[in-house]
Number of protein chains: 2
Amino acid sequence: MTKTFKPTESELEILSILWDKQTATVREVHEIVQKTKDVGYTTTLKLMQIMNEKGLVTRNVMSKTHIYTPTIQREIAQEQYLTKMIHTLFSGNASQLVLQALGTHHTSKSDLDQIKSMINSLQNK
Amino acid sequence: MTKTFKPTESELEILSILWDKQTATVREVHEIVQKTKDVGYTTTLKLMQIMNEKGLVTRNVMSKTHIYTPTIQREIAQEQYLTKMIHTLFSGNASQLVLQALGTHHTSKSDLDQIKSMINSLQNK
DNA sequence: TGGTTTATACGATTGTATTCGTAAGCAATC
DNA sequence: GATTGCTTACGAATACAATCGTATAAACCA
């Protein structure tokens, strides 16, 4: 069973950066965080230390500057939040979410093709 | 400009109940909340009072038992969370979210048809 | 009417997230 | 080898969310 994974707002933001970069130092993360939030370096540092304690990330302490890696797969978080969102915001109706997403967020033609073929394979079951 | 809408975890849970029922008393909400969480009546009451102060809900105080109504449209919340989720969990790629949603959440054949026709109309633009 | 139930109001407590200041170590540089 | 800059560690303050106990009033009813 997957342990309950429940990062805070700020932790999720940091995780999302780590998922994109695979691995990063506090400074690298902080530089990105700073673009949207006005917080001090030690705040980001502290958060990442706490995340380490919680097991949300691991870190390589070989060099003076630690290197952080997320422990949770992005896919697991995706699935968890998707499920929750469908439940609380879409009354459990996944297709409503899909329609909404397609309607208000741009999607390339080839991506649309990919979605169509996925639908076809689902319908042929 | 839409005011920043940022309910807490518990507030969102209550809103989701109100969205489904359109309108409800504290007791009605609490009865549903209790199915998943073991909290006292006054906790739910207090939360809804705070939500009223924040403007997340309005209430009709004509009778002794107040009747609550959500002020925020469910659609606005849907859009906001969807956007945020696509950004932090799907690297900004909406179609990834759609594929994931279709892959892991059941969708009826007629709903799938509806999605297909939506895609077709998007592609014919 | 008097007691019981059901409501709201509200203060207080507890728990957790967020933020930052300060200290201390290390490494490059002057 | 002293100074400067960057790093981590850590305690402490602040803010906010969540929970509940108690008081008070209205409505119900036997």
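It should be emphasised that the depicted structure is a prediction, and the values quoted were computed from it without experimental measurement. In what follows, chains are A, B, ... by sequence order, proteins preceding strands, each numbered from 1.
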Query - Ion pair B/Arg74/B/Glu79, N-O distance below 4.0 Å - result: no
Quick one: [X] [atom1] to [N] [atom2], roughly how many Å, whole number?
| X | N | atom1 | atom2 | value |
| --- | --- | --- | --- | --- |
| A/Met48 | D/dA9 | CE | P | 12 Å |
| B/Asn52 | C/dA9 | CG | C1' | 13 Å |
| B/Lys6 | D/dC16 | NZ | P | 11 Å |
| B/His66 | D/dA27 | NE2 | C1' | 14 Å |
| A/Leu56 | C/dA17 | CG | P | 11 Å |
| A/Ile67 | D/dT7 | CD1 | C1' | 13 Å |
| B/Glu53 | C/dT8 | CD | P | 14 Å |

Requested in this report: I would like to know whether B/Lys84 and A/Glu9 meet salt bridge (charged side-chain N to carboxylate O under 4.0 Å, His left out); could you show each step before the answer?
Outcome: CA-CA 11 Å; B/Lys84 185 175 186 173; A/Glu9 212 29 47; 2.4 Å; yes
Indicate whether OP1 or OP2 belonging to [N] is found under 4.0 Å from a side-chain N or O atom of [X].
| X | N | value |
| --- | --- | --- |
| A/Arg59 | D/dA9 | yes |
| A/Gln49 | D/dA9 | yes |
| A/Thr8 | C/dT18 | yes |

Query raised in the report: So which one's nearest nucleotide on DNA chain C is more toward 5', B/Leu45 or A/Glu9?
Result: B/Leu45
**Report entry** Modelled atom types, side-chain donor and acceptor of A/Asp113 and B/Gln123, under 3.5 Å
**Finding:** yes
**Report entry** Donor-acceptor pair between A/Asn93 and A/Ser91 side chains, under 3.5 angstrom
**Finding:** no
Query - side-chain hydrogen bond (donor to acceptor under 3.5 Å, both in side chains) partners of residues 59-68 of chain B, not counting sequence neighbours, each pair once - result: B/Arg59-B/Tyr68
Query raised in the report: Should we count NZ of B/Lys54 as having more than 12 external heavy atoms under 6.0 Å?
Result: yes
Do [X] and [Y] make a side-chain contact, defined as non-hydrogen atoms from C-beta onward lying under 4.5 Å apart?
| X | Y | result |
| --- | --- | --- |
| B/Glu11 | B/Ile50 | yes |
| A/Pro7 | A/Leu56 | yes |
| A/Tyr81 | B/Thr88 | no |

Query raised in the report: Which of residues 19-34 of chain B have a heavy atom under 4.0 Å from DNA chain D?
Result: none
Query - Per-nucleotide protein contact string for nucleotides 19-30 of chain C (B base, S sugar-phosphate only, - none; heavy atom under 4.0 Å) - result: BBBB--BB----
